[in-house]
Amino acid sequence: MGLVHGPGHPLVLLAKWYETLCGRLSHLNLCVTNAMREDLAENWGIKAVTVYDKPASFFKETPLDLQHQLFMKLSRTYSAFRACSEPSDSGMERSAFTERDAQSGTVTCLPGRPALLVSSTSWTEDEDFSILLAALEKFEQLIDDGESLPPLVCVITGKGPLKEYYSRLICQKHFQHIQVCTPWLEAEDYPLLLGSADLGVCLHRSSSGLDLPMKVVDMFGCCLPVCAVNFQCLHELVKHEENGLVFEDSEELAAQLQMLFSKFPDPAGKLNQFCKNLRESEQLRWDESWKRTVLPLITDT
């Protein structure tokens, strides 16, 4: 509200007074980061308990056969998911990433397949997608210069007011080694896509600096490493060099893409190490977190 109307607007001042009063009257307050808990204590006189957002149980790695089904479904609408060439064997079904033997039902990854990069957005001003587009331009130039890098399929999901603006910018790029796709996915397909991707990118900057991007929580639920633009409390979620990487600008993001996709797919590479770290972290799911963290607080209140 403050971003839209300004901090001195009567509605903003009324909302602040109301929230301060009611927050102090409550028996229990929950917040989503330690940074928010400290801000509430110091600036509002409100005590709160940190309860981090957790992914729902359906955010998980997608088995290869379901990946193929998703890619074939999306290929009917989006060319980025279509195979570059038809298989010589009529009994094979091929997407840009996978191939299925119709007789045995066996699905395999295509050799030389593109890397799949995913980002999600509400296409608002708190996410600057020009950072990603500039990084993709640098990545394309590296391929042109002979670097050992895969072609990229970059899928940016979501709807919002700036989608048309960025879609026009994307069309002006004329990439040769990168395909950018901006679909609106069905609800059940979004977790499947995250669980099929190789890398997530987050361009969300918290307007308050006190909350964390839910999209990264969901990506981590799918064991999908993330490159995320830095802001005040991001370290509470993204552990640099452990479950992903943090960047400040397009130059740094481009360098990270180059490093992560060098010799792709590399079983010994950093991308696979991040995936392994996420699998081994044994993340709690939302319902488990609620039972362990919140339920005892309510019971004791």
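The figures that follow rest on heavy atoms only: side chains count, while hydrogens, waters and symmetry mates do not.
- At distances below 3.5 Å, not a single donor-acceptor pair connects side-chain atoms of S289 with backbone N or O atoms of R285.
- Among the candidates R100, E93, Q69, the single residue satisfying the side chain to side chain contact (heavy atoms under 4.5 Å, CB included) test with V107 is R100.
- Here CD of Q256 is found 11.5 Å from CD of Q258. Values are rounded to the nearest 0.5 Å.
- Between the side chain of D218 and the backbone N or O of F59 there is no donor-acceptor pair closer than 3.5 Å.
- None of Q232, E38, R37 except one satisfies the side chain to side chain contact (heavy atoms under 4.5 Å, CB included) rule with L210; the exception is Q232.
- Of the inter-residue distances, the one linking L234 atom CG with H204 atom NE2 reads 9.5 Å to the nearest 0.5 angstrom.
- Counting only residues at least two apart or on different chains, the side chain to side chain donor-acceptor pair (under 3.5 Å) pairs with a member in residues 52-65 are N34-Y52, Y52-E236, E61-R279.
- No side-chain heavy atom of D249 sits less than 4.5 Å from a side-chain heavy atom of I131.
- When all heavy atoms of G209 and C233 are compared, the closest pair comes out as O-SG, 3.4 Å.
- No side-chain heavy atom of L110 sits less than 4.5 Å from a side-chain heavy atom of F97.
- Side-chain N or O atoms of S95 include none that pairs as donor or acceptor with a backbone N or O of H68 at under 3.5 Å.
- When each of V216, V226, N243 is paired with L237, the side chain to side chain contact (heavy atoms under 4.5 Å, CB included) condition holds for V216 and for no other.
- Across all non-hydrogen atoms, the minimal contact from A96 to P114 is O-CD, 3.2 Å.
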(request) Go through H177 and L152 one step at a time and tell me if the side-chain contact (heavy atoms from CB on, under 4.5 Å) criterion holds. (result) CA-CA 6 Å; H177 309 287; L152 277 185; over 6 Å; no

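- For the residue pair N230 and H240, no side-chain donor N or O sits within less than 3.5 Å of a side-chain acceptor on the partner.
- Between M259 and L245 the shortest heavy-atom distance is CE-CD1, 3.6 Å.
- Side-chain atoms of C202 and V229, non-hydrogen and from C-beta on, never get closer than 4.5 Å to each other.
- Two rings, from Y165 and W123, have their centers 6.0 Å or more apart.
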(request) Dump the intermediate steps for salt bridge (Lys or Arg N to Asp or Glu O under 4.0 Å) on E127 and R205, then the final yes or no. (result) CA-CA 6 Å; E127 292 179 279; R205 292 182 190 268; over 6 Å; no

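- Checking side-chain atoms of S281 against main-chain N and O of L278 turns up a donor-acceptor pair under 3.5 Å.
- The pair K173-E137 meets the salt-bridge criterion, with a side-chain N (NZ, NE, NH1 or NH2) lying under 4.0 Å from an Asp/Glu carboxylate O.
- In this structure, the side chains of F81 and V155 come closer than 4.5 Å at one or more pairs of heavy atoms.
- Atoms CG and CZ, on L40 and R24 in that order, are 10.5 Å from each other to the nearest 0.5 Å.
- We find the CD-CD1 distance between E19 and I46 to be 8.5 Å, quoted to the nearest 0.5 Å.
- Around atom CD of E248, more than 12 heavy atoms belonging to other residues, nucleotides or ligands sit under 6.0 Å away.
- With contacts defined as side-chain heavy-atom distances shorter than 4.5 Å, the pair S122/K159 does not qualify.
- Taking OG from S148 and CG from L142, the interatomic distance works out to 11.5 Å, rounded to the nearest 0.5 Å.
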In a table with atom names and distances, give each donor-acceptor pair under 3.5 Å that connects a side chain of residues 178-191 to protein atoms at least two apart or in another chain.
from, atom 1, to, atom 2, distance (Å)
E186, OE1, K73, NZ, 3.2
D189, OD2, K73, NZ, 2.8
Y190, OH, S120, OG, 3.1

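- Note that CG of L257 and CG of L199 are 6.5 Å apart. Values are rounded to the nearest 0.5 Å.
- Between the side chain of S26 and the backbone N or O of G23 there is at least one donor-acceptor pair closer than 3.5 Å.
- Between F261 and F264, the two ring planes are perpendicular [angle over 60°; tilted spans 30° to 60°].
- Contact of the R113 side chain with the D198 side chain is registered, since non-hydrogen atoms from C-beta on lie closer than 4.5 Å.
- In this model, a donor atom of one side chain and an acceptor atom of the other lie less than 3.5 Å apart for D211 and S206.
- Residues T98 and L64 are in side-chain contact: their nearest non-hydrogen atoms beyond the backbone lie under 4.5 Å apart.
- Contact check for V32 versus T50: no side-chain heavy atoms found under the 4.5 Å cut-off.
- Residues satisfying the side-chain hydrogen bond (donor to acceptor under 3.5 Å, both in side chains) criterion with E99, sequence neighbours excluded, are R94.
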